[in-house]
*Asks:* 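So that we are looking at the same thing, I have put the structure below in structure tokens.
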Amino acid sequence: MKPIVTVSGLAARAGDSILVDGVDFEVFPGQVTALVGASGSGKTTSALALLGEHGDRVTLSGLVEVDGTVVVDSNGPTSADVRGRVVAYMPQHPGSALNPARRIGVGLRELARLHHPSVAEVVLEALRAAQLPDDRATLRRFPHQFSGGQRQRIALAQALTCRPRVLILDEPSTGLDSITRLQLVADLEDLTARGLGILLLSHDLELVRALAQYVVVLDAGRVISSTLPAVLDLPPAQGTRPGGDPLLQAMNVSASLRPRGRDTILHEVDLSVRPGECVGVVGRSGSGKTTLARCLAGLHERHTGRLTLAGADLPVLRKRSLEQNRRVQYVWQEVRGSFDERRPVDDQVARTAQRLRGLTLSDARAEAVATLSRLGVSAMIAARPPSRLSGGELQRAALARALLAKPDVLVCDEITTALDEHGTGLVVELLLELKAQGTALVWISHDLGLVSAVADHVLVIDAGRVVEQGPPSTVMSDPRTEVTRRLVRAARVGHEPPPPVLTSSSDLRSNLR
Amino acid sequence: MRWYAAQRAALAMLQLAVLSVLVFVLTALLPGDAADLRFTETLTPDQVVRLREQLGLDRPAVERFTHWLGNVVTGDLGTSLISGGPVVDIVKASVGATLVLTLTTLAVVVPLAVALGILMGTRENGRLDRAITSVTLGLSAIPDFVIAVVLVAVFSLKLGWLPATWVGGELLASPALLVLPVAVLFGRTVCLLSRQVRAGTITALQAEYVVQARRLGVPRRRLLLRHVLPNAAVPGVQELARTGDTLLGGVLVVEAIFAIPGFATALVDGVETRDVPVVQGLTLVLAVAALLINLGADLVCNRLVPRTELLR
Amino acid sequence: MRARTPLAVSAALVLIPLLVAVFGPLIPLDPAAGLPYERGPGHPLGTDGLGRDVLELLLVGGRTALGMAVGAVVIAYLVGGVIGLVAASTRHRWIDEALIRPLDVLLPLPSLLVISVVAVGWRASALAITLAVAMVNVPTVARLVRAAALDAASGPVVEALRMQRESWAGIHLGFIGRAVLGPVAADVGTRITLAVFLVASVNFLGLGLSPTAPDWAVSVSRNREGLLLQPWAVIAPALILVAFTLGFNLLADRLVHRTRRMVEAKR
């Protein structure tokens with residue numbers, strides 16, 4: 001088969017620094033080529049070269065040929081003709097790339113007229129291909145009148161209206177819950193079946209493994225491999241709930257967004273966690289699992305029902321005693337927003353030990369630096385303000401901030417979303433260790449597979465209610481509700497065949513290393 | 001859009017209600033009234049009391065307010081304490097000159113400011129942008145009256161090219177009367193406005209949706225006119241509503257300097273003679289105008305970029 | 001990077017008028033009164049229409065010209081800032097509404113109009129005019145401070161600080177206060193310029209201070225017929241006023257750019 005995109009010896013330079021150095025890859029019709037690498041590895045720079053686009057003061061060289069047109073040669077970009085008509089690019093959060101001032105139909109018809117003036121029905125076909133209704137009402141609406149998921153589809157419809165032969169997708173799975181990601185896999189398979197060539201940029205190894213026929217692994221602008229690194233295979237734990245009295249208990253907890261129980265988003269949830277136990281709470285985004293976590297942490301004040309810590313009533317955070325405050329800690333999902341951008345990260349981490357355990361500044365700092373380096377964040381990096389840390393580094397710093405309270409209960413909300421496989425491994429290892437030391441964990445996540453590897457008990461939440469619970473291995477192997485079945489299927493993306501069930505946690509450890 | 005318009009209009013009505021109370025209270029609170037000022041020197045205290053009764057100044061404030069409001073609703077703004085004529089006539093007599101002045105200024109300023117703003121925004125930090133920015137920054141630091149005084153001195157007193165005042169002039173007969181006043185009003189307004197349009201253009205040009213449209217092959221001209229402009233216009237339109245305020249301040253100054261028989265002159269006269277009904281009437285009319293301008297600007301912005309929210 | 005007016009120039013433009021305004025009245029000149037619009041020995045900048053020495057007027061006239069404007073902005077920030085901070089930090093929605101909604105109603109009122117009405121009753125009172133200028137600025141200041149504080153207070157940072165049991169001062173002054181400071185600093189620059197303009201316009205129109213006051217704006221107004229005879233009587237007070245506003249404009253511009261660069265760096 002003839003490739004539709006040929007890139008050879010592509011280089012990008014900004015002044016003296018080399019962004020991309022000698023990258024080669026091809027894209028074939030109806031197949032998926034994946035560029036894999038961390039952020040800053042040169043994925044986006046290489047992909048944008050297909051459009052003849054480059055950043056300020058960046059020079060391109062090498063050869064990029066798209067559908068017979070030379071887009072970049074040794075002297076830099078030569079043509080921008082392929083934009084849209086041959087190559088369409090989908091940015092990382094495509095839903096936010098819609099013009100708020102323009103109706104959907106206006107934008108789509110404009111692209112259709114520009115690229116295919118003689119072809120009828122381009123717009124309606126594109127809408128159908130993106131699985132959107134193709135009626136007049138849809139075309140007359142503005143972007144803000146659609147949900148987030150629909151906006152992504154509209155962005156896709158825009159790209160498809162150009163009838164490109166190659167589609168570039170930049171980190172399409174970022175921010176998606178696992179079930180939506182499963183849907184994405186199916187959607188992309190549909191598109192390749194229509195003969196579209198796809199260039200997938202991602203650090204999500206599972207997604208790449210599920211989709212790509214060709215893999216190019218980039219690091220610091222160079223191709224380092226053409227085989228995918230191993231995906232972290234975490235088998236579900238058998239699930240042994242330790243005995244004894246529950247440490248933290250939630251009884252009949254309901255929560256609402258507005259006063260006096262209006263807009264209830266959590267209905268009569270019961271949860272208990274014993275010392276040394278990990279309870280996983282799994283559900284789609286919007287299912288109410290974060291609200292449950294915030295109720296436990298005392299941050300969500302509009303709730304009814306009862307919370308107890310070691311048998312005593314646990315009020316909302318404002319009314320907790322110093323000791324209760326210290327014993328229950330929470331790790332934020334929205335990690336960048338939870339740090340003060342004006343102070344260095346290590347100071348902010350150390351502050352927990354100062355305020356909650358009465359340590360001196362120097363002791364607290366020493367402990368902060370030790371905990372951070374344990375999680376793979378060096379002292380030098382931690383001394384910077386948050387804006388200069390990567391998402392993964394900050395996520396680990398947020399975990400360290402909570403750990404410095406030496407909490408008895410740790411509530412973690414989606415703490416691995418920004419982490420790569422290695423970072424996830426470090427965090428999972430630390431959580432297992434905490435568990436062994438007797439810390440009770442409540443782990444909120446959309447990823448049933450990951451949670452199952454650590455948890456002793458799993459709750460599945462849907463539309464604010466617990467729909468299923470049990471030991472992880474049982475939930476994984478014998479899901480009883482539709483939501484759980486979909487979560488299980490989603491957890492298998494990139495993991496076929498499903499990992500075997502292990503029986504002891506020492507097996508698990510060896511598997512992690 | 002319709003829901004937004006209804007909400008916004010409701011807010012405007014509320015503002016109008018509060019405003020009328022405010023105008024009345026402010027003027028009613030004033031120490032001294034026309035009866036004091038005009039006649040204390042020639043009248044005995046007894047006579048002052050009787051004059052107060054005659055003018056209705058001795059009745060309780062609430063009663064005076066309902067009376068005044070009732071009249072306002074029927075289009076009667078009261079009677080001038082000084083001239084004895086209806087306030088409505090004073091409003092009618094002065095509105096023409098001010099309207100001509102304001103509209104002419106806007107007709108010159110808006111197209112120019114939009115063009116300059118886009119020009120600067122598309123060449124951010126280029127030589128042209130820096131040059132225009134320096135000029136606008138400097139120009140907007142000079143108070144209207146200083147510009148006015150200098151322009152009059154140079155162009156009418158020294159060179160004798162343009163008339164220095166409107167006294168005796170007839171606007172329709174000699175449009176040259178408008179040149180200097182409009183030039184004064186033009187300076188600061190065009191600076192403020194073009195800077196907003198520039199900022200809006202820069203923001204829109206960097207917005208993800210414009211980058212994406214370019215990547216899908218939308219040509220540059222079309223990108224600027226159809227994708228950037230509607231978004232860039234929003235801060236401009238909002239600024240225009242606020243410019244109403246700057247402009248009004250400028251109009252007051254300009255009318256005073258060029259002796260233009262407009263709204264501002266009438267207002268300053270009213271203030272000087274403590275002619276409370278005249279000040280009330282003029283203030284109310286101007287405040288309503290300001291309200292309407294703001295209402296219009298918000299509706300235009302909502303039409304341009306419908307996500308603009310009224311209630312957070 | 002864009003070449004900007006050096007900081008020293010902007011600062012000098014602001015500082016010179018400010019120093020003149022503050023210390024000017026302390027300098028004993030006491031020149032003899034001269035003829036109207038006289039130029040010559042004893043009067044380095046000539047005399048004004050009333051035969052007073054222009055240099056002397058310049059040294060004395062800044063207190064009102066700048067003092068009223070700066071005072072008004074300070075008062076506007078004391079009142080509006082407190083309203084904004086309370087509205088942003090309250091846990092009760094109705095307090096927020098009760099504080100902010102009335103200001104929405106006042107927002108579109110033309111400022112010179114309010115001041116004209118005040119001037120009817122309290123003519124020539126510097127305090128009344130200052131308060132009126134302050135009042136006109138309160139709604140915008142309150143909204144700005146509230147928006148900035150809300151922006152800071154609504155994010156997870158404050159929750160994270162509470163989870164660490166950070167003190168009240170640590171949260172409100174250490175974090176929210178610092179977050180508000182940036183937008184406020186940029187705003188103060190432009191707001192002072194506007195206030196100087198407003199005060200000057202009011203005084204120029206004769207709605208404010210008495211027509212014989214030594215105030216810079218009043219001097220420009222009073223001596224404008226003599227501009228061709230004795231230009232310094234108008235140009236000197238006008239220049240010093242323009243220097244002040246220009247300096248502030250430049251400083252504000254610099255701050256706005258710095259804030260924008262910081263925001264961009266964050267992305």
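Throughout, protein chains are lettered first and strands after them, A, B, ... in sequence-line order, and every chain is numbered starting at 1. Everything numeric in this text was worked out from a predicted model, so none of it was measured.
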*Asks:* Pick one of side chain, backbone, both or neither for Leu98(A), based on which atoms fall under 4.5 Å of a heavy atom in chain B.
*Replies:* backbone
*Asks:* Below 4.0 angstrom, N of the basic side chain to O of the carboxylate: do Arg102(A) and Glu110(A) qualify?
*Replies:* yes
*Asks:* How close do Val184(B) and Ala148(B) get, counting heavy atoms only, and between which atoms?
*Replies:* CG2-CA, 3.7 Å
*Asks:* Is Tyr89(A) in contact with chain B via its backbone, its side chain, both, or neither, using a 4.5 Å heavy-atom distance?
*Replies:* both
*Asks:* What part of Arg226(B) lies closer than 4.5 angstrom to a heavy atom of chain A: side chain, backbone, both or neither?
*Replies:* both
*Asks:* Go through Ser96(A), Pro143(A), Gly107(A), Ala88(A) and name the one with the most non-hydrogen pairs under 4.5 angstrom from chain B.
*Replies:* Ser96(A)
*Asks:* Count the heavy atoms of every other residue, nucleotide or ligand shown that sit under 6.0 Å from CZ of Arg140(A), and state whether that count exceeds 12.
*Replies:* no
*Asks:* Output the option from Ala155(A), Cys162(A), Pro164(A), Gly84(A) having the highest count of non-hydrogen pairs under 4.5 Å with chain B.
*Replies:* Gly84(A)
*Asks:* Look only at the side chain of Arg123(B) and the backbone of Asp129(B), and say whether a donor-acceptor pair between them is shorter than 3.5 Å.
*Replies:* no
*Asks:* So which atom in Phe25(A) and which in Thr33(A) form the shortest heavy-atom distance, rounded to 0.1 Å?
*Replies:* CD1-CG2, 4.5 Å
*Asks:* Given that the side chain runs from C-beta out, which part of Glu208(B) has a heavy atom under 4.5 Å from chain A: side chain, backbone, both or neither?
*Replies:* both
